[in-house]
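Remember, it's 1-based here, ligands and their atoms both numbered in the order they're listed.
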Amino acid sequence: MSSSQNTLAGPSKVLLAAPRGYCAGVDRAVQTVEHALDLYGEPVYVRKEIVHNKHVVQQLEKRGAIFVEEETEVPEGEMVVFSAHGVAPSVHENAERRRLRTIDATCPLVTKVHVEARKFAAEGYTIVLIGHEGHEEVEGTTGEAPERTVLVQTESDVDTLEVDDPDRIAYITQTTLSVDETSSIIAALLKKFPNAVGPKTDDICYATTNRQQSVRALASECELVLVIGSTNSSNSNRLVEVAREHGAQSHLIDNHLQVDEAWLEGVETVGITSGASAPEELVEALVTFFRERGADDVSELRTVNEDVRFMLPGEIRKELAASGA
Ligand code: SF4
C-alpha cells in the first residue's frame, strides 16, 4: 500500500441514522424564505438565522436574503421573515410600529409551546420553562409572559428554585432538549412541587425525539458517530451527547472538511446522523468522503418512519394561489 493510501485509511462500514436531518419545521421555514424571494423579490430580510445551520443561511444569502439580528434593523416598510424558533410578542409589536410586512415562519410545534405559556400565565401559574439560557426559542417563549416565567436548565436549578405559590406551578419545555435529561428535570420538579402541572402532550418535538432514538441505536453499532450540524443547533448538540452517553465517540461537524483523521483511528464502523436543520447534501458529501477512503458498505439504520409535513405560512399560500403556482 502506498503512503498516500495509508493517509486515507478509514472505516470500512458507514451506517446512516434514519430518520436524520431536516424536520418539517425547518423544511417549512427554508421554503418560506425561498418562496418569499421568488414572490416578492429582493430584499427579503430574515430576523436571526432562519434555522440554525450555517450552510443553509449562506445558500439563502446567495439568493438575496438579508439576515439581521433584530427587527429594528429592518428598514421601515420592508418585508421580514421571522425564524423557525419563534419570536416574543414584543417583536411583532416592534414590526407593526415600523410598518414591516411580516411572514412568520415559526415552527407550529414552537407555537404550541407559546400557546401553553399564554394559557398558563392567564390561569395565574408560575411558568417553569425548562430550556437553555440565551437560545432564541427560549427568548421567544419567555416573552409571552416574562414576569411569570422562570428558566430552569438543570436538576440543581430545581433544587434552588423558589416560587411564591408552590401549588401553582406549570412547566413547559424547549422543543429540542435531551429527552432523558428533561424527564429527570421534570421528575425532580414534580418531587419538589407535587401539584405542578404540565402540557397535555410533550413539548419536545417529534423530530428531536426521533433523531435521539435513532442516534441511540446508531451508537450501539458504531465506534464513532459524526453529527452534521452547526454549533448553535440545540438538537444537533443533543445528538452528540446522546451518542456519547451510549458508548460511541462522537463529534459535531459542519461538513466533511472538519473530520479529524485522528478520530478515525481503529474505527471499523462510522455512524452518521444530522441535526434537524442540516441539509442532506452535507450527509452525502460525508458519505463520499468515506467511500473515497475505502468504505464499501454503506447502509441505513432506521428506527422509525416519519411523515410529518406542515403547511406553508398563510401569506405565502395566498400569494402562491394568486400567482397560480
Ligand atoms: S426541531 Fe422540532 S420544533 Fe424545531 S423546527 Fe423542527 S419540528 Fe419544529
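- Between Asn94 and Arg97, the side chains place a donor N or O and an acceptor N or O closer than 3.5 Å (distance only, hydrogens not considered).
- Take a cut-off of 2.8 Å around atom 2 (Fe) of ligand 1: the protein N, O or S atoms inside it are Cys205 SG.
- The aromatic rings of His85 and His52 lie parallel to each other, with less than 30° between the two planes, well short of the 60° mark.
- Residues Glu241 and Ser178 have side chains that never bring a donor and an acceptor to within less than 3.5 angstrom of each other.
- Asp104 and Arg47 are not joined by a salt bridge, as no carboxylate oxygen comes within less than 4.0 angstrom of a charged side-chain nitrogen.
- Transitive grouping of hydrophobic side chains (ILVMFWY, heavy atoms separated by less than 4.5 Å) keeps Val30 and Val80 in distinct clusters.
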Evaluate side-chain hydrogen bond (donor to acceptor under 3.5 Å, both in side chains) for Asp254 paired with Gln258, printing each intermediate quantity in order. CA-CA 7 Å; Asp254 279 310; Gln258 292 180 352; 3.2 Å; yes
